[in-house]
Amino acid sequence: MKIHINGKLVPKEQAVISVFDHGLLYGDGVFEGIRVYGGKVFLLEEHLKRLYEGARAIRLEIPVSQPELATAVEETVEANSLQDGYIRLVITRGAGSLGLDIRRTSDPQVIIIADTISLYPPELYEQGLKLITASTIRNHPQALSPQVKSLNYLNNILAKIEGTDADCLEALMMNHKGEVAECTGDNIFIVKNGVLKTPPTDAGILEGITRAAVIQLAKQAGLDVREVTLTRHDIYSADECFLTGSAAEVIAAVSLDGRQIGDGKPGPITKDLKKRFEALTRGE
Ligand code: PXG
(Lines give C-alpha, C1' and ligand atoms only; values in the text may rest on other atoms or scores of the structure.)
Protein backbone atom coordinates (compact mmCIF):
# COMPACT_ATOMS: atom_id res chain seq x y z
CA MET A 1 0.00 0.00 0.00
CA LYS A 2 1.20 3.46 -0.93
CA ILE A 3 0.42 6.44 1.27
CA HIS A 4 0.50 10.02 0.05
CA ILE A 5 2.28 12.10 2.65
CA ASN A 6 3.36 15.72 2.15
CA GLY A 7 3.38 15.45 -1.62
CA LYS A 8 5.06 12.04 -1.95
CA LEU A 9 3.75 8.54 -2.44
CA VAL A 10 5.63 6.18 -0.12
CA PRO A 11 5.22 2.60 1.15
CA LYS A 12 3.07 2.60 4.29
CA GLU A 13 6.04 1.71 6.54
CA GLN A 14 7.67 4.99 5.53
CA ALA A 15 4.57 7.11 6.10
CA VAL A 16 5.38 8.38 9.59
CA ILE A 17 4.86 11.59 11.52
CA SER A 18 6.48 13.14 14.58
CA VAL A 19 5.37 12.26 18.11
CA PHE A 20 5.41 16.04 18.64
CA ASP A 21 2.72 16.54 16.01
CA HIS A 22 -0.16 18.48 17.52
CA GLY A 23 -2.53 16.17 15.67
CA LEU A 24 -1.38 13.45 18.04
CA LEU A 25 -0.77 15.58 21.13
CA TYR A 26 -4.04 17.55 21.01
CA GLY A 27 -6.26 16.10 18.28
CA ASP A 28 -5.41 19.33 16.48
CA GLY A 29 -6.31 18.79 12.85
CA VAL A 30 -9.11 17.88 10.47
CA PHE A 31 -10.01 14.82 8.42
CA GLU A 32 -12.37 13.47 5.80
CA GLY A 33 -13.62 9.97 4.98
CA ILE A 34 -14.49 9.58 1.31
CA ARG A 35 -15.71 6.62 -0.76
CA VAL A 36 -14.27 5.39 -4.02
CA TYR A 37 -16.69 3.61 -6.38
CA GLY A 38 -15.54 2.04 -9.63
CA GLY A 39 -12.18 3.84 -9.34
CA LYS A 40 -13.90 7.25 -9.03
CA VAL A 41 -13.76 9.36 -5.90
CA PHE A 42 -17.36 9.99 -4.85
CA LEU A 43 -18.33 13.65 -4.22
CA LEU A 44 -14.69 14.66 -3.81
CA GLU A 45 -15.34 18.40 -4.25
CA GLU A 46 -17.94 18.39 -1.46
CA HIS A 47 -15.56 16.61 0.91
CA LEU A 48 -12.68 18.96 0.05
CA LYS A 49 -14.89 21.99 0.58
CA ARG A 50 -15.79 20.76 4.07
CA LEU A 51 -12.14 19.96 4.82
CA TYR A 52 -10.92 23.42 3.80
CA GLU A 53 -13.75 25.17 5.64
CA GLY A 54 -13.04 23.14 8.79
CA ALA A 55 -9.33 23.93 8.53
CA ARG A 56 -10.10 27.64 8.14
CA ALA A 57 -12.35 27.50 11.21
CA ILE A 58 -9.52 26.10 13.36
CA ARG A 59 -6.92 28.48 11.85
CA LEU A 60 -5.08 25.66 10.11
CA GLU A 61 -3.65 26.58 6.76
CA ILE A 62 -3.53 23.57 4.46
CA PRO A 63 -0.20 23.94 2.62
CA VAL A 64 -1.59 22.86 -0.74
CA SER A 65 -4.44 24.29 -2.80
CA GLN A 66 -7.76 22.49 -3.11
CA PRO A 67 -7.17 21.53 -6.78
CA GLU A 68 -3.69 20.23 -5.88
CA LEU A 69 -5.13 18.13 -3.09
CA ALA A 70 -7.83 16.78 -5.43
CA THR A 71 -5.09 15.68 -7.85
CA ALA A 72 -3.12 14.08 -5.01
CA VAL A 73 -6.21 12.11 -3.94
CA GLU A 74 -6.73 10.85 -7.50
CA GLU A 75 -3.04 9.88 -7.73
CA THR A 76 -3.27 7.92 -4.48
CA VAL A 77 -6.32 6.00 -5.70
CA GLU A 78 -4.51 5.16 -8.91
CA ALA A 79 -1.23 4.19 -7.21
CA ASN A 80 -3.14 1.69 -5.08
CA SER A 81 -5.28 0.43 -8.00
CA LEU A 82 -8.28 1.09 -5.79
CA GLN A 83 -11.62 0.29 -7.43
CA ASP A 84 -14.01 0.27 -4.49
CA GLY A 85 -12.67 1.62 -1.26
CA TYR A 86 -12.22 4.44 1.08
CA ILE A 87 -9.99 7.48 1.35
CA ARG A 88 -8.93 8.93 4.67
CA LEU A 89 -7.61 12.45 4.27
CA VAL A 90 -5.88 13.80 7.35
CA ILE A 91 -4.42 17.25 7.92
CA THR A 92 -2.56 17.72 11.20
CA ARG A 93 -1.27 20.96 12.69
CA GLY A 94 2.29 19.60 12.44
CA ALA A 95 5.12 19.17 14.93
CA GLY A 96 5.69 21.75 17.63
CA SER A 97 6.85 22.12 21.17
CA LEU A 98 4.74 20.91 24.08
CA GLY A 99 2.05 23.47 24.82
CA LEU A 100 -0.97 24.66 22.90
CA ASP A 101 0.54 27.60 21.07
CA ILE A 102 0.02 27.05 17.33
CA ARG A 103 2.72 29.61 16.56
CA ARG A 104 5.25 27.05 17.77
CA THR A 105 4.16 24.45 15.26
CA SER A 106 5.32 24.08 11.70
CA ASP A 107 4.76 21.88 8.68
CA PRO A 108 1.14 20.77 8.77
CA GLN A 109 1.07 17.14 7.62
CA VAL A 110 -1.05 16.22 4.62
CA ILE A 111 -1.83 12.51 4.62
CA ILE A 112 -3.92 10.52 2.15
CA ILE A 113 -4.69 6.88 2.85
CA ALA A 114 -6.51 4.84 0.20
CA ASP A 115 -7.81 1.59 1.67
CA THR A 116 -11.02 -0.36 2.09
CA ILE A 117 -13.57 0.02 4.88
CA SER A 118 -16.33 -2.23 6.13
CA LEU A 119 -18.19 -0.72 9.06
CA TYR A 120 -20.91 -3.35 9.42
CA PRO A 121 -21.21 -6.99 8.32
CA PRO A 122 -23.06 -7.36 4.98
CA GLU A 123 -26.06 -9.17 6.55
CA LEU A 124 -26.86 -6.08 8.61
CA TYR A 125 -27.50 -4.19 5.36
CA GLU A 126 -30.34 -6.71 4.80
CA GLN A 127 -31.58 -6.97 8.39
CA GLY A 128 -30.96 -3.47 9.74
CA LEU A 129 -29.07 -2.24 12.79
CA LYS A 130 -30.09 -2.21 16.42
CA LEU A 131 -29.41 1.11 18.16
CA ILE A 132 -29.26 2.33 21.72
CA THR A 133 -29.28 5.90 22.92
CA ALA A 134 -25.88 6.85 24.31
CA SER A 135 -25.69 8.85 27.53
CA THR A 136 -22.74 10.68 25.95
CA ILE A 137 -24.18 13.69 24.11
CA ARG A 138 -22.76 15.48 21.08
CA ASN A 139 -20.30 18.24 21.89
CA HIS A 140 -22.04 21.53 22.57
CA PRO A 141 -22.20 23.25 19.15
CA GLN A 142 -21.06 26.51 20.70
CA ALA A 143 -17.92 24.81 22.04
CA LEU A 144 -16.83 23.51 18.66
CA SER A 145 -18.90 23.63 15.50
CA PRO A 146 -20.04 20.13 14.55
CA GLN A 147 -19.18 21.12 10.96
CA VAL A 148 -15.48 20.83 11.84
CA LYS A 149 -14.52 17.20 11.33
CA SER A 150 -11.71 17.50 13.84
CA LEU A 151 -9.21 14.83 14.81
CA ASN A 152 -10.82 14.69 18.24
CA TYR A 153 -13.66 12.20 18.04
CA LEU A 154 -13.52 11.21 21.68
CA ASN A 155 -17.14 11.93 22.55
CA ASN A 156 -18.30 9.94 19.54
CA ILE A 157 -15.94 7.12 20.52
CA LEU A 158 -17.38 7.10 24.06
CA ALA A 159 -20.88 6.88 22.60
CA LYS A 160 -19.79 4.08 20.26
CA ILE A 161 -18.39 2.14 23.26
CA GLU A 162 -21.77 2.44 24.96
CA GLY A 163 -23.31 0.98 21.81
CA THR A 164 -20.92 -1.92 21.36
CA ASP A 165 -21.12 -2.75 25.11
CA ALA A 166 -24.88 -3.14 24.55
CA ASP A 167 -24.31 -5.25 21.42
CA CYS A 168 -25.34 -2.40 19.10
CA LEU A 169 -22.98 -1.33 16.32
CA GLU A 170 -24.31 2.22 16.29
CA ALA A 171 -25.52 4.51 19.05
CA LEU A 172 -27.87 7.45 18.87
CA MET A 173 -26.48 10.71 20.23
CA MET A 174 -28.68 13.48 21.58
CA ASN A 175 -27.71 17.14 21.60
CA HIS A 176 -27.33 19.39 24.65
CA LYS A 177 -31.09 20.15 24.47
CA GLY A 178 -32.05 16.47 24.62
CA GLU A 179 -33.08 16.38 20.97
CA VAL A 180 -32.05 13.70 18.50
CA ALA A 181 -28.81 14.72 16.80
CA GLU A 182 -27.19 11.85 14.89
CA CYS A 183 -25.29 8.61 15.40
CA THR A 184 -21.56 8.35 16.16
CA GLY A 185 -20.54 8.43 12.50
CA ASP A 186 -23.82 8.64 10.61
CA ASN A 187 -26.80 10.96 10.18
CA ILE A 188 -30.28 9.68 11.01
CA PHE A 189 -33.59 9.76 9.10
CA ILE A 190 -37.07 8.50 9.90
CA VAL A 191 -40.16 7.90 7.78
CA LYS A 192 -43.53 8.69 9.36
CA ASN A 193 -46.79 8.54 7.39
CA GLY A 194 -44.83 8.77 4.14
CA VAL A 195 -42.86 11.87 5.18
CA LEU A 196 -39.07 11.71 5.39
CA LYS A 197 -37.70 13.54 8.43
CA THR A 198 -34.18 14.29 9.62
CA PRO A 199 -32.81 16.66 12.28
CA PRO A 200 -31.88 20.13 10.99
CA THR A 201 -28.29 21.37 10.97
CA ASP A 202 -28.91 23.46 14.07
CA ALA A 203 -29.54 20.27 16.06
CA GLY A 204 -25.73 20.19 16.40
CA ILE A 205 -25.11 17.61 13.68
CA LEU A 206 -22.43 17.22 11.09
CA GLU A 207 -24.10 18.19 7.84
CA GLY A 208 -23.30 14.90 6.17
CA ILE A 209 -22.53 14.74 2.47
CA THR A 210 -24.40 11.44 2.20
CA ARG A 211 -27.32 13.08 4.07
CA ALA A 212 -27.44 15.85 1.46
CA ALA A 213 -27.26 13.35 -1.41
CA VAL A 214 -30.10 11.26 0.09
CA ILE A 215 -32.27 14.35 0.67
CA GLN A 216 -31.81 15.25 -2.98
CA LEU A 217 -32.62 11.72 -4.16
CA ALA A 218 -35.73 11.66 -1.94
CA LYS A 219 -36.95 14.97 -3.36
CA GLN A 220 -36.35 13.70 -6.90
CA ALA A 221 -38.43 10.64 -5.98
CA GLY A 222 -41.28 12.99 -5.03
CA LEU A 223 -41.03 12.46 -1.27
CA ASP A 224 -41.96 15.15 1.21
CA VAL A 225 -38.66 15.82 3.06
CA ARG A 226 -38.57 17.83 6.27
CA GLU A 227 -35.63 18.92 8.41
CA VAL A 228 -37.30 19.03 11.81
CA THR A 229 -36.45 18.56 15.47
CA LEU A 230 -36.87 14.92 16.46
CA THR A 231 -37.27 13.35 19.88
CA ARG A 232 -36.49 9.78 20.83
CA HIS A 233 -40.25 9.19 20.89
CA ASP A 234 -40.39 10.14 17.19
CA ILE A 235 -37.92 7.36 16.49
CA TYR A 236 -39.67 4.79 18.71
CA SER A 237 -42.92 5.52 16.88
CA ALA A 238 -41.48 5.89 13.35
CA ASP A 239 -42.56 3.64 10.49
CA GLU A 240 -38.97 3.37 9.26
CA CYS A 241 -35.53 4.57 10.26
CA PHE A 242 -32.19 4.59 8.48
CA LEU A 243 -28.70 6.02 8.80
CA THR A 244 -26.44 7.64 6.21
CA GLY A 245 -22.69 8.21 6.05
CA SER A 246 -19.75 7.89 3.70
CA ALA A 247 -18.58 4.77 5.46
CA ALA A 248 -22.02 3.35 6.35
CA GLU A 249 -23.73 4.38 3.08
CA VAL A 250 -27.49 3.84 3.62
CA ILE A 251 -28.44 1.31 6.31
CA ALA A 252 -31.75 0.64 8.05
CA ALA A 253 -32.11 0.87 11.83
CA VAL A 254 -34.76 -1.50 13.15
CA SER A 255 -34.77 -0.89 16.89
CA LEU A 256 -33.82 1.77 19.42
CA ASP A 257 -33.37 1.03 23.13
CA GLY A 258 -35.15 -2.31 22.73
CA ARG A 259 -38.19 -0.74 21.01
CA GLN A 260 -38.86 -2.19 17.58
CA ILE A 261 -39.15 0.45 14.86
CA GLY A 262 -42.02 -0.18 12.44
CA ASP A 263 -42.25 -3.89 11.73
CA GLY A 264 -38.62 -4.46 12.73
CA LYS A 265 -37.40 -4.83 9.14
CA PRO A 266 -35.93 -2.34 6.65
CA GLY A 267 -38.96 -0.47 5.30
CA PRO A 268 -39.99 0.13 1.67
CA ILE A 269 -38.92 3.79 1.50
CA THR A 270 -35.57 2.95 3.10
CA LYS A 271 -35.03 0.17 0.56
CA ASP A 272 -36.00 2.42 -2.32
CA LEU A 273 -33.64 5.22 -1.22
CA LYS A 274 -30.86 2.69 -0.67
CA LYS A 275 -31.34 1.50 -4.28
CA ARG A 276 -31.35 5.05 -5.58
CA PHE A 277 -28.18 5.81 -3.61
CA GLU A 278 -26.47 2.72 -5.03
CA ALA A 279 -27.43 3.81 -8.55
CA LEU A 280 -25.92 7.24 -7.85
CA THR A 281 -22.66 5.68 -6.64
CA ARG A 282 -22.52 3.64 -9.85
CA GLY A 283 -22.85 6.88 -11.79
CA GLU A 284 -26.33 6.08 -13.14
N1 PXG B 1 -22.03 12.41 11.52
C2 PXG B 1 -20.79 12.26 12.01
C3 PXG B 1 -20.51 12.62 13.42
C4 PXG B 1 -19.78 11.78 11.17
O5 PXG B 1 -18.54 11.64 11.63
C6 PXG B 1 -21.39 11.59 9.38
C7 PXG B 1 -22.34 12.09 10.25
C8 PXG B 1 -21.76 11.31 7.96
O9 PXG B 1 -21.20 12.32 7.12
P10 PXG B 1 -20.84 12.03 5.59
O11 PXG B 1 -20.39 13.34 5.10
O12 PXG B 1 -19.76 10.98 5.58
O13 PXG B 1 -22.09 11.57 4.96
C14 PXG B 1 -20.08 11.44 9.84
C15 PXG B 1 -19.02 10.92 8.93
C16 PXG B 1 -15.11 6.33 9.89
C17 PXG B 1 -15.90 7.29 9.11
O18 PXG B 1 -13.99 6.05 9.47
C19 PXG B 1 -16.77 8.16 9.72
C20 PXG B 1 -17.47 9.05 8.94
C21 PXG B 1 -17.34 9.06 7.59
C22 PXG B 1 -16.46 8.18 7.00
C23 PXG B 1 -15.74 7.28 7.76
O24 PXG B 1 -15.57 5.86 10.94
N25 PXG B 1 -18.27 9.91 9.58
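As the structure lists them, so they are numbered: ligands from 1, and atoms in each ligand from 1. Bear in mind that the values here come from a model prediction, so they are computed numbers and not experimental data.
Relative to atom 21 (C) of ligand 1, the option among Lys149, Arg88, Glu46, Glu207 with the closest non-hydrogen atom is Lys149. The option with the heavy atom closest to atom 3 (C) of ligand 1, from among Ile205, Asn156, Ile188, Asn139, is Asn156.
Contact analysis puts Arg50 in contact with ligand 1, with a non-hydrogen atom separation below 4.0 angstrom. By the 4.0 Å heavy-atom criterion, Ile117 is counted among the residues contacting ligand 1.
Ring pair Tyr120/Tyr125 is tilted by interplanar angle, where 30° to 60° counts as tilted.
At a threshold of 4.0 Å, the pair Arg211-Glu227 counts as salt-bridged, since one of the basic side-chain nitrogens sits closer than that to a carboxylate oxygen. A salt bridge does not link Lys197 to Asp234: none of the charged side-chain nitrogens sits closer than 4.0 Å to a carboxylate oxygen. With respect to Arg50 and Glu46, no salt bridge is recorded, no charged nitrogen being found less than 4.0 Å from a carboxylate O. In this structure, Lys49 does not pair ionically with Glu45, as no charged nitrogen and carboxylate oxygen lie closer than 4.0 Å.
Close approach to Gly245 involves these atoms of ligand 1, each under 4.0 Å from a residue heavy atom: 8 (C), 12 (O), 13 (O). For ligand 1 and Gly208, the ligand atoms under 4.0 Å from any heavy atom of the residue are 9 (O), 10 (P), 11 (O), 13 (O). When each atom of ligand 1 is checked for a heavy atom of Glu182 under 4.0 Å away, the hits are 1 (N), 2 (C), 3 (C), 7 (C). Those atoms of ligand 1 that come under 4.0 Å of a heavy atom in Ile209, given as number and element, are 10 (P), 11 (O), 13 (O). Heavy-atom proximity to Thr184, at under 4.0 Å, picks out these atoms of ligand 1: 3 (C). Close contacts between ligand 1 and Tyr86 involve ligand atoms 16 (C), 17 (C), 18 (O), 22 (C), 23 (C) [criterion: under 4.0 Å to a heavy atom].
The side chain to side chain contact (heavy atoms under 4.5 Å, CB included) test with Ile190 is passed by exactly one of Asp239, Leu196, Leu230: Leu230. Tested against Ile91 for a side chain to side chain contact (heavy atoms under 4.5 Å, CB included), the candidates Leu151, Ile58, Ile62 yield a single pass: Ile62.
Within the 4.5 Å cutoff, no side-chain heavy atoms of Cys241 are placed close to those of Leu256.
Closest to atom 13 (O) of ligand 1, if we only count protein heavy atoms, is Thr210 OG1, 2.6 Å. Considering only non-hydrogen protein atoms, atom 6 (C) of ligand 1 sits nearest to Gly185 O, 3.3 Å.
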